[in-house]
*Asks:* 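What follows is a structure written as C-alpha cells; I'll ask about it next.
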Amino acid sequence: MQDYRALRIHRGDDNDFSVAVESVPASTLPDGDILVRVHYSDLNYKDALGAIGKPGVSRNFPHTPGIDAAGEVVSDSTNQYRPGDRVLISGYDFGMNTPGGLAQYCRVPLQWVCPCPPQLDLPEAMIFGTAGLTAAMCLDKLARLQHKAISDTRLLVSGASGGVGSLATAMAAKLGFQVIAMSGKTQAHDSLRALGATEVISSAEWLEANKKALLKPQWDCAIDTLGGDALFNIIKATEREGAVAACGLASGADFAATVYPFILRGVALLGVDSAEQANDYKRKLWLHLATDLKPASLRSMCEEITLEQVPDVLASMRAGRSRGRYLVRVD
Ligand SMILES: NC(=O)c1ccc[n+]([C@@H]2O[C@H](COP(=O)([O-])OP(=O)(O)OC[C@H]3O[C@@H](n4cnc5c(N)ncnc54)[C@H](OP(=O)(O)O)[C@@H]3O)[C@@H](O)[C@H]2O)c1
C-alpha cells in the first residue's frame with residue numbers, strides 16, 4: 001500500500017490547531033485486524049470538537065479525525081470478512097486516539113466492524129452514521145418505557161435541525177409518533193415539517209434556567225441533544241411517567257436540577273451513549289436503520305461534500321449554523 005489522502009489535525013507550538021488534507025504514508029495506520037478502503041464518511045459534533053483540540057476527543061497529534069466510515073474490506077487477518085465486503089465502522093476509539101474515517105484507508109480491530117446491511121448503500125449508511133445510531137438508540141430506550149399507543153404519543157426532539165435531531169425527527173415520524181421539533185432556526189421550520197414534525201417550536205425560551213419546580217406538561221417523551229439547562233426544562237415539561245433520552249450537550253454540559261419531576265411526576269431520565277455499545281447491538285440498530293427506521297427522505301437529508309470542504313463545515317457546526325447531515329465523499 002502506498003501513501004493515502006487523509007484529513008489531518010496538527011497542533012501548533014502555541015497550542016493552536018490547523019486542519020488540512022494531506023498525503024500520508026501507509027506507516028501512519030495503526031496495527032489492527034481489518035484494513036478498509038473508505039468510500040464515505042460523515043461529520044458529527046465530536047469531529048467539530050476534535051478539530052479544535054478538545055482533549056476528550058483526541059490527545060494524539062497529528063490526528064486523523066472521523067468517527068464513522070463506510071467502505072470495502074481490503075484484507076482481514078481474522079478471516080471473518082472477505083476482500084470487497086461492505087462494512088461500517090462507528091464509535092469506540094475510532095477517530096479519537098485511533099486514526100478515523102476521514103481518510104482513504106483505516107485499520108481497525110474486528111470488534112469495531114459491522115457488515116453493511118444489504119438494504120443500505122454506503123452513502124445512505126453514512127447519512128445515518130453515528131447520528132442515526134444515536135437517534136435509533138434513543139428511540140429504542142424510550143420504547144422500553146412506552147405505555148401509550150405510538151400514535152397518541154407526543155415526542156419532543158431538541159436541536160431538531162442538527163444531525164441527530166433531524167434524523168430523530170424523521171425516524172420518529174415514520175414510526176407514527178406526534179413529533180414536536182424544537183429548533184433555534186426559524187428558517188428550518190418548514191423543512192422540519194417536511195420531515196414529518198407535526199409541530200415546530202422555538203428553542204429560545206427553553207435554553208435558560210427556569211425557577212419553577214415543574215412546567216405545564218407538553219410532551220410524553222423527548223430526545224434531547226442540547227443538554228445544559230434546556231435538558232432540565234424539557235424534563236420539567238414532560239408528562240407524568242414520561243421519559244427523556246439525553247444524548248447531547250450542544251447547548252451545555254451543566255444543569256441545575258431538583259428532584260421534583262422525578263418524584264412528583266415519575267419522569268425517567270435515560271442516558272444514551274452510542275459509541276461504546278456492543279458490536280451485536282450496533283448490528284441490530286443498523287438493521288433497524290436499514291428497514292423500519294429508514295425515512296423516505298433520507299437522501300435529501302444531507303449535503304455531500306469533499307474532504308477539502310470539511311474544515312469549513314466543522315467550523316459552522318461549532319457555531320451552531322450547520323443543518324442536517326454532511327456526507328463526505330472520501331474516495
Ligand atoms: N451520546 C451519544 O452517543 C452521541 C452521539 C452523537 C452525538 N451526540 C451529541 O449530540 C449532540 C448533537 O450532535 P449532532 O451531531 O446532531 O450536532 P449538530 O449537527 O451540530 O446539531 C446540533 C444542533 O443543536 C442546536 N445547537 C447547536 N448549538 C447550540 C447552542 N449553543 N444552543 C442551543 N442550541 C444549539 C442546533 O439545532 P437547532 O438550531 O435546530 O436548535 C444544532 O443544529 C452533540 O452534543 C453531540 O456531541 C451524542
Side-chain angles (χ1 to χ4, degrees), residues 42-45 48 123-124 126-136 138-139 142 150-208 215-228 230-231 233-234 237-238 244-245 247-251 289 292-305 309 312-328:
D42 60 37
L43 298 184
N44 293 280
Y45 199 72
E124 286 174 332
M126 289 294 95
I127 299 172
F128 282 127
T130 288
L133 284 172
T134 305
C138 289
L139 287 166
L142 290 172
I150 284 187
S151 58
D152 294 333
T153 303
R154 292 161 300 162
L155 184 152
L156 176 91
V157 178
S158 67
S161 76
V164 176
S166 58
L167 285 166
T169 299
M171 285 154 51
K174 184 172 183 209
L175 291 177
F177 285 98
Q178 297 172 29
V179 182
I180 304 167
M182 179 189 282
S183 175
K185 299 184 188 79
T186 44
Q187 69 274 24
H189 287 201
D190 286 347
S191 57
L192 289 167
R193 279 199 187 82
L195 291 182
T198 45
E199 191 183 337
V200 185
I201 61 175
S202 165
S203 59
E205 70 211 66
W206 294 88
L207 300 179
E208 303 297 329
L215 297 170
K216 182 178 158 231
Q218 300 190 40
W219 36 78
D220 301 292
C221 56
I223 295 177
D224 177 61
T225 67
L226 299 182
L231 170 60
N233 288 334
I234 288 167
T238 300
V244 177
C247 69
L249 75 176
S251 160
L289 290 170
D292 53 313
L293 293 178
K294 186 174 167 185
S297 54
L298 184 65
R299 281 280 178 167
S300 66
M301 293 179 67
C302 78
E303 184 180 331
E304 184 170 327
I305 61 171
Q309 292 171 282
D312 285 346
V313 176
L314 293 180
S316 74
M317 285 182 105
R318 286 191 299 274
R321 289 195 310 267
S322 58
R323 272 171 72 168
R325 293 286 291 153
Y326 293 88
L327 173 67
V328 185

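The figures here come from the full heavy-atom set of this structure, side chains too, leaving out hydrogens, waters and symmetry mates.
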*Asks:* Using every non-hydrogen atom in the two residues, find where Ile223 and Ala135 come nearest and quote the distance to one decimal.
*Replies:*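 Heavy atoms only, the tightest pair is CD1-O, 4.5 Å.
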
*Asks:* Would you indicate whether the side-chain heavy atoms of Tyr45 and Thr225 approach each other to under 4.5 Å?
*Replies:* no

*Asks:* Thr130 vs Val164, test: side-chain contact (heavy atoms from CB on, under 4.5 Å). Steps then yes/no.
*Replies:* CA-CA 8 Å; Thr130 288; Val164 176; over 6 Å; no

*Asks:* Is it true that a side-chain atom of Thr238 and a backbone atom of Cys221 form a donor plus acceptor pair closer than 3.5 Å?
*Replies:* no

*Asks:* How long is the gap from CG on Asp224 to SG on Cys247, to the nearest 0.5 Å?
*Replies:*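 Between atom CG of Asp224 and atom SG of Cys247 there are 7.0 Å.
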
*Asks:* With sequence neighbours left out, write down each residue that passes salt bridge (Lys or Arg N to Asp or Glu O under 4.0 Å) with Asp42, or none if nothing qualifies.
*Replies:* Arg325

*Asks:* Identify the heavy atoms of Met182 and Trp219 that sit nearest to each other, and give their distance.
*Replies:* CE-CH2, 4.2 Å

*Asks:* First locate atom CD1 of Ile305, then atom CG of Leu43, and finally report the distance between them rounded to the nearest 0.5 Å.
*Replies:* 4.5 Å

*Asks:* I need the minimum non-hydrogen distance between Leu192 and Ala160, along with the two atoms involved.
*Replies:*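 The answer is CD2-O, 3.3 Å.
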
*Asks:* Counting only heavy atoms not in Glu208, do more than 12 sit closer than 6.0 Å to its CD atom?
*Replies:*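 Result for CD/Glu208: open.
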
*Asks:* Any chance you could measure Leu293, atom CG, to Met171, atom CE, to the nearest 0.5 Å?
*Replies:* 4.5 Å

*Asks:* One thing to verify: whether Lys294 and Glu124 come together as a salt bridge, which I'm taking to mean a side-chain N less than 4.0 angstrom from a carboxylate O.
*Replies:* yes

*Asks:* Considering all heavy atoms of both residues, which atom of Val179 and which atom of Gly196 are nearest to each other, and what is their separation?
*Replies:*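 Reported closest heavy-atom pair: CB-O, 4.5 Å.
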
*Asks:* At their closest point, which heavy atom of Ala48 faces which heavy atom of Arg318, and how far apart are they?
*Replies:* O-NH1, 2.9 Å

*Asks:* Calculate, to the nearest 0.5 Å, the distance between atoms CG and OG1 belonging to Leu139 and Thr134 respectively.
*Replies:*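 It is 11.0 Å, given to the nearest 0.5 Å.
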
*Asks:* How far apart are the closest heavy atoms of Gln178 and Ser151, and which atoms are they?
*Replies:* NE2-O, 2.8 Å

*Asks:* Does some side-chain heavy atom of Phe177 sit less than 4.5 Å from a side-chain heavy atom of Asp220?
*Replies:*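 Of all side-chain heavy-atom pairs linking Phe177 with Asp220, none is under 4.5 Å.
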
*Asks:* Would you say Ser166 and Leu195 make side-chain contact, with heavy atoms under 4.5 Å?
*Replies:*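 Ser166 vs Leu195: side chains touch.
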
*Asks:* Would you compute the distance between atom CG of Leu226 and atom CG of Leu207 and round it to the nearest 0.5 angstrom?
*Replies:* 6.5 Å

*Asks:* Can you run down the salt bridge (Lys or Arg N to Asp or Glu O under 4.0 Å) pairs that involve residues 158-182, sequence neighbours left out, and say none if there aren't any?
*Replies:* none

*Asks:* Look up atom CE in Met301 and atom CZ in Arg323, then write down how far apart they are to the nearest 0.5 Å.
*Replies:* 11.5 Å

